[in-house]
Amino acid sequence: MQPHYSYFCSDYRKNYTNAMSEPLKCLIIGSGPAGYTAAIYAARANLSPVLYTGKDPGGQLMITTDVENYPGYPDGVLGPAMMEDFKKQAERFGTAIHHELITKVDFSGPVHKAWTESGQEIQAHTVIIATGASAKWLGIDSEKKLMNKGVSACAVCDGFFFRGQELAVVGGGDTAAEEATYLSKMSPKVHLLVRRDELRASKIMQERVMKTPNIEIHWNTEAEEILGEEAVTGVRVVNNKTGEKTILPTTGFFVAIGHQPNTDIFKPWLDMDETGYLLVKPGTTHTKVEGVFASGDAADNVYRQAVTAAGTGCMAALDAERYLVEIGVE
C-alpha cells in the first residue's frame, strides 16, 4: 500500500514555518503506533509536535493484514487502516506530519538538531525517537510473494490464524525458540528449521524446545522455496550437508531470524545494546541525552507489539512535556 500524502493544513503550515525560524518544542522521528501515539499526547499537551514519518510511514503494520489483538477493534482491523486511524487522530489535535526521512542528527547541544533527506535543518528542544525495527527476512522470492498469505515474522501477531495447522519456523536463536514454543500450543506440529547443527538460543529456551513433543527440529536445514500461489501450501527445504530436499506440508511459515532496530543515525550520540536497540533509563523513555526520548520497537527487543509501542509513545510524550517544564520552555 502506498503511503497517504495529505495536503498541508493551516496548522501544518504554522508548525512547519516555526520549524524553520525557531526550535520546535517536540520533534518526533518515525511513525507507527509509537510515533503517532506520542504525537497525540504531545499535541494535546500543546507541544505543537512535528512528526517525520520516515521511509515507511506506519511502520511494520503497513505490511500486516488482519490485526485482532489491539484493543478497541473488536472485529479486527487491517494494519494500514489502523495506522491511518492513528494518523488522523494525531492530525486532529494539530500534529504536523511530514512524509520525509530524517538522515542525520546532532545531540551535542542543549537544542537538538536533525536534518531531512533534502538537507533541511530542524532544531528542537525535545526529540522523540520512534523509528521502530525491521524484521530480517531470508530474501527468497516466494517469501515476498506470499507475505501475509501464510508468511509472517510474528507468531504472537499471526499465530491465531493458524490454529490446528502444521507450521514451520525458521531460525536457531531465542526468537525462533520462543516463536516455535508459542505456536506449539495451537498447532499439532511445528517444524523448526535450523541451518546449523545446534541452536544459538539460551539454554533455558533450548530445553523448552527439546521438551515440547510437537516441535520437530530439522538440523542443517534451509528453506529453498515456500510453496503456494494465493496461500502457503508447503515449504521445500534442503539439508545443507547432504543436499537432500524435502517438502514439508505446512500452511504457515514464520521467519524468526531476528529484527534490526532502525537506529543507525543515533549511534554517535546514544547508548545501545549490541544489536542496536536504544537503551533508556529503567521505567522511563529517557536516553542518556537530556531531552531525547526513545519509544517503540527502537528500544524494545522483548515485546515488539503495537500496543506496547503505543504505550511507550505515550510515556515519551509525557516525559518530553515534563522535561520542557523543567527547562522553562512553554
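Quick caveat, the model's predicted, so the values are computed rather than measured.
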### Message
Let's go through Ile217 and Met210 carefully: what are the C-alpha distance in whole Å and the side-chain angles of both, what is the deciding distance for side chain to side chain contact (heavy atoms under 4.5 Å, CB included) to 0.1 Å, and is it a yes or a no?
### Response
CA-CA 9 Å; Ile217 302 177; Met210 299 296 185; 3.8 Å; yes

### Within one Ile-Leu-Val-Met-Phe-Trp-Tyr cluster: Trp269 and Tyr277, side-chain cutoff 4.5 Å
no

### Message
I'd like to know if the side chain of Asn262 and the backbone of Thr131 have a donor-acceptor N/O pair within less than 3.5 Å.
### Response
yes

### ring pair (Phe, Tyr, Trp, His ring centres under 6.0 Å) contacts touching residues 244-266 (sequence neighbours left out)
Phe162-Phe254

### Message
Hydrophobic cluster membership, with links at side-chain heavy-atom distances under 4.5 Å among I/L/V/M/F/W/Y: are Leu279 and Val289 in one?
### Response
no

### Query
If you look at every heavy atom in Cys154 and Ser152, which pair is closest and at what distance?
N-OG, 3.0 Å

### Side-chain (Thr250) to main-chain (Glu166) donor-acceptor, under 3.5 angstrom
no

### Query
Do NZ/NE/NH1/NH2 and the carboxylate oxygens of Glu330 and Lys25 come within less than 4.0 Å?
no

### Query
Between Gly35 and Leu51, which heavy-atom pair has the shortest distance, and what is it?
O-CD1, 3.5 Å

### Task
Check whether any side-chain N or O of Thr312 sits under 3.5 Å from a backbone N or O of Ala309 as a donor-acceptor pair, and report yes or no.
yes

### Query
So if you build clusters from Ile, Leu, Val, Met, Phe, Trp, Tyr with side-chain heavy-atom gaps below 4.5 Å, do Tyr303 and Leu278 land together?
no

### Task
Identify the heavy atoms of Glu100 and Tyr52 that sit nearest to each other, and give their distance.
O-CB, 3.7 Å

### Query
With side chains defined as the heavy atoms from C-beta onward, is the minimum distance between Phe107 and Val127 less than 4.5 Å?
yes

#### Entry: Whether Glu244 side chain and Asn239 backbone form a donor-acceptor pair below 3.5 Å
no

#### Entry: Intermediate values then yes/no, salt bridge (charged side-chain N to carboxylate O under 4.0 Å, His left out), Asp264 and Lys267
CA-CA 6 Å; Asp264 284 351; Lys267 284 182 178 178; 3.3 Å; yes

### Task
Give, for atom CG of Leu192 and atom OG1 of Thr181, the distance between the pair rounded to the nearest 0.5 Å.
8.5 Å

### Task
Start with the C-alpha distance between Gln89 and Tyr36, add both sets of side-chain angles, then the distance that settles side chain to side chain contact (heavy atoms under 4.5 Å, CB included), and finish with yes or no.
CA-CA 8 Å; Gln89 190 169 358; Tyr36 285 138; over 6 Å; no

### Pairwise side-chain contact, Thr95 with Ile40, heavy-atom cut-off 4.5 Å (strictly under)
no

### Test item: His112 side-chain N/O and Ile122 main-chain N/O as donor-acceptor pair under 3.5 Å
no

### Task
Look only at the side chain of Asn220 and the backbone of Lys241, and say whether a donor-acceptor pair between them is shorter than 3.5 Å.
no

### Query
Hey, what do you get for CZ (Arg208) to CD1 (Ile215), rounding to the nearest 0.5 Å?
11.5 Å

### Task
Can you measure from CG (Asp319) to OG1 (Thr285) and round to the nearest 0.5 angstrom?
3.5 Å

#### Entry: pair Pro33-Val307: side-chain heavy atoms closer than 4.5 Å
no

### Task
Identify the heavy atoms of Leu138 and Ala223 that sit nearest to each other, and give their distance.
CD1-CB, 4.2 Å

### Query
CG of Leu227 to OG1 of Thr251: how many Å apart, nearest 0.5 Å?
12.5 Å

### Summary
Heavy-atom nearest pair, Ala317 first then Tyr41, reads CB-CB, 3.5 Å

### Message
If we ignore hydrogens and angles and just use 3.5 Å, is the side chain of Thr287 paired with the main-chain N or O of Ala294 as donor and acceptor?
### Response
no

### Taking every non-hydrogen atom, the tightest pair across Thr175 and Ala256
CG2-CB, 3.9 Å

### Message
Same cluster or not: Trp115 versus Ile265, using hydrophobic residues (I, L, V, M, F, W, Y) connected whenever any side-chain heavy atoms lie under 4.5 Å apart?
### Response
no

### Message
Check Glu91 with Lys87, please: is the shortest side-chain N to carboxylate O separation under 4.0 Å?
### Response
yes

### Query
At what distance, to the nearest 0.5 angstrom, does NZ of Lys288 lie from CG of Leu270?
7.5 Å

#### Entry: Same cluster (ILVMFWY, side-chain, under 4.5 Å), Phe160 and Tyr182
yes

### Query
Taking side chain as C-beta onward, heavy atoms only, is His191 less than 4.5 Å from Val237?
no

### Query
So, Thr221 side chain and Trp219 main chain: donor-acceptor pair closer than 3.5 Å or not?
yes

### Task
To the nearest 0.5 angstrom, please state how far the CG atom of Leu27 sits from the CD1 atom of Ile128.
9.0 Å

### Task
Indicate yes or no: does Arg236 engage Glu225 in a salt bridge with an N to O separation below 4.0 Å.
yes

### Task
Determine, stepwise, if the pair Val105 / Ile29 fulfils side chain to side chain contact (heavy atoms under 4.5 Å, CB included).
CA-CA 10 Å; Val105 297; Ile29 304 176; 4.2 Å; yes

### Task
Mark yes or no for whether Asp297, through its side chain, and Asp300, through its backbone, hold a donor-acceptor pair below 3.5 Å.
no

### Query
If we only count heavy atoms from C-beta on, is the His125 to Val111 side-chain gap below 4.5 Å?
yes

### Query
After noting the C-alpha distance and the side-chain angles of Trp137 and Ile257, does the key distance pass the side chain to side chain contact (heavy atoms under 4.5 Å, CB included) rule?
CA-CA 7 Å; Trp137 299 96; Ile257 57 176; 5.7 Å; no

### Check: Gly228 main-chain N/O paired with Lys145 side-chain donor or acceptor under 3.5 Å
yes

